[in-house]
Amino acid sequence: MDRGGLTIEAMEPTLADVRAARTLLAGHLPPTPIWSYPLVDRVAGANVLVKHENTQPVGAFKVRGGLTLLSNMTEAERCHGVVTYSTGNHAQSIAYASRVFGAPCTVVMPASASESATKKVEAWGARAVRTGDSLEAAERYAREHAAETGARLVSPGDTPELIAGVGTLYLEILEAHPDLDAIVVPVGSGTGAAAACLVAAELAPGCEVIGVQSSASPAAHDSWRAGTLVERPNRTAVAGLATGRGYALPQRMIAGRLSEFLLVTDDEISEARRLLATAAHTLAEGAGAAALAAVLTHAKLFAGRRVAVVCTGANATIAEMSSLVPSAMHR
Ligand SMILES: *Cc1c(COP(=O)(O)O)cnc(C)c1O
């Protein structure tokens, strides 16, 4: 595998890191609820548990990683600040954690990022810089900023502290429900899926971890299938799943450990968002409904089984909220 020159073996977090993250997160975040809904079960033909990361203070699971990262930095490192690049929830997570730990934070967002995402980042007290026409351009800018200011550059994918922090969500799921047949995890950079594989392997080896990505942005899916990091067109409208490349550290952690990696269309994700809204009183963003979309779309794989789907986030834009109701239903 092309590891981009990094010796990432040394960087893989362990279950002990996840447990340590849980201890420190206990002072910041309550465990999130996990519920089943009879109407969701009926439509899915399976026993579905929804893990509600949409209830986090930034509306997404990523805050677990951001807080873990900032709390592991020294006071001196925090003084120099952090810089990262993101279209949305990773940005909010790092901005939120920087506020909690009093570190200056700069987030570089591609010009395509939603106005509402920028506003939320600024509301947590971070500096948002909108530049470039892609996440790759934003990453280059962030790298230069880090070199000039001494701020810590935070990769949204290749950062072990983020994976350890995110792993606490899978501890919560599997300690409460060790009998699960499968957990379905939406994938962008792959930190969530990597953390799920790490925790499941040790706590519930019989529980499959299944990834899902949009067929319009299949870079992580294709990297996993190919066993090497690949770049792919990045055309999904679903922000949390939008990536044009595989990330080395999470790909290494899901290689051979993920049971299956499914693709769904953006339309199938919209259907799942509707079901969450009507049957589970949950307003999910697209990525937050992708796991349920996989269960509905690939129904045979899940029929009659006990499956957890992670509702990873709730940061839908106004446009995404209005697309929940097709015009034919405006009656
Ligand atoms: C980031 C994100 C994902 C994807 O998580 P990765 O760890 O990047 O794979 C899924 N859903 C939401 C809501 C996200 O913000």
Side-chain angles (χ1 to χ4, degrees), residues 13 32 50-66 68-69 84-96 107 109 113-114 116-117 120-121 135 154-170 183-199 209-214 217-221 223-224 234 236-251 253-254 258 261 264 266 269 272-273 276 282-294 309-317 320:
T32 56
V50 181
K51 177 67 170 168
H52 282 288
E53 291 297 300
N54 54 299
T55 64
Q56 292 287 10
V58 306
F61 76 101
K62 286 201 177 73
V63 69
R64 296 172 184 265
T68 302
L69 176 73
T84 194
Y85 45 97
S86 164
T87 53
N89 289 337
H90 169 68
Q92 266 208 82
S93 156
I94 300 299
Y96 179 91
V107 174
M109 305 176 107
S114 74
S116 66
K120 287 171 183 171
V121 162
L135 197 58
V154 182
S155 163
D158 290 326
T159 306
E161 293 91 338
L162 298 183
I163 298 175
V166 164
T168 58
L169 132 67
Y170 297 96
I183 301 179
V184 188
V185 185
V187 179
S189 62
T191 65
C197 287
L198 167 65
V199 174
V209 179
I210 297 177
V212 55
Q213 204 172 27
S214 167
S217 296
H221 167 275
S223 294
W224 180 75
N234 182 10
T236 180
V238 176
L241 308 182
T243 179
R245 65 171 173 106
Y247 283 81
L249 177 61
Q251 283 290 333
M253 293 179 68
I254 65 175
L258 208 60
F261 203 144
V264 293
D266 282 14
I269 290 173
R273 288 181 63 223
L276 283 173
T282 296
L283 181 62
E285 63 182 277
L292 181 58
V309 298
V310 185
C311 179
T312 44
N315 285 301
T317 62
E320 286 166 333

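For this chain, numbers begin at 1 and follow the sequence in order. Counting convention: from 1, in listed order, for ligands and their atoms alike.
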Which residue owns the protein heavy atom closest to atom 1 (C) of ligand 1, what's the atom, and how far is it?
Lys62 NZ, 1.3 Å

Looking only at heavy atoms, is any part of Glu53 under 4.0 Å from ligand 1, and if so is it the side chain, the backbone, or both, or is it neither?
neither

Kindly say whether Glu161 contributes a backbone atom to a donor-acceptor pair with the side chain of Thr159 at under 3.5 angstrom?
no

To check your reading of the model: name the closest protein heavy atom to atom 5 (O) of ligand 1, its residue, and the distance in Å.
Phe61 CZ, 3.4 Å

Donor-acceptor pair between Thr32 and Glu53 side chains, under 3.5 angstrom
yes

In the structure I gave you, are the side-chain heavy atoms of Ser217 and Leu241 within less than 4.5 Å of one another anywhere?
no

Nearest non-hydrogen protein atom to atom 8 (O) of ligand 1, with distance, is Ser189 OG, 2.7 Å

Check: Glu285 side chain, Ala314 main-chain N or O, donor-acceptor pair, under 3.5 Å:
yes

Note: ligand 1 atoms sitting under 4.0 Å from heavy atoms of Ala287 are 10 (C), 11 (N), 12 (C), 13 (C)

Is there a donor-acceptor contact under 3.5 Å from the side chain of Asn54 to the main chain of Ala284?
no

Non-hydrogen atom of His90 closer than 4.0 Å to ligand 1
no

Would you call the rings of Phe261 and Trp224 parallel, tilted or perpendicular if under 30° counts as parallel and over 60° as perpendicular?
tilted

Check whether Asp266 reaches the backbone of Thr236 with its side chain - one donor and one acceptor, N or O, closer than 3.5 Å.
no

Give the numbers and elements of all ligand 1 atoms closer than 4.0 Å to a heavy atom of Gly313.
13 (C)

Gln251 (side chain) donor-acceptor with Ala248 (main chain) under 3.5 angstrom
no

Could an N or O of ligand 1 be found under 3.5 Å from any N or O of Gly188, whether backbone or side chain?
yes

Considering the heavy atoms of Asn89, write down every atom of ligand 1 situated less than 4.0 Å from one of them.
13 (C), 14 (C), 15 (O)

Test your reading of the structure: does Gly288 have an N or O sitting under 3.5 Å from an N or O of ligand 1?
no

Side chain of Asn315, backbone of Val58: donor and acceptor closer than 3.5 Å?
yes

Examine the proximity of ligand 1 to Glu285 and report which part, side chain or backbone, both or neither, has a heavy atom under 4.0 Å away.
side chain

For ligand 1, which atoms, with element, lie under 4.0 Å from some heavy atom of Val187?
9 (O)

Side-chain donor/acceptor of Ser93 to backbone N/O of Asn89, under 3.5 Å:
no

Among protein heavy atoms, which lies nearest atom 11 (N) of ligand 1, and at what distance?
Thr312 OG1, 2.6 Å

Considering only the protein, which heavy-atom contact is closest to atom 7 (O) of ligand 1, and what is its distance?
Thr191 OG1, 2.4 Å

Does Gly190 reach ligand 1 with a nitrogen or oxygen that is under 3.5 Å from one of the ligand's nitrogen or oxygen atoms?
yes

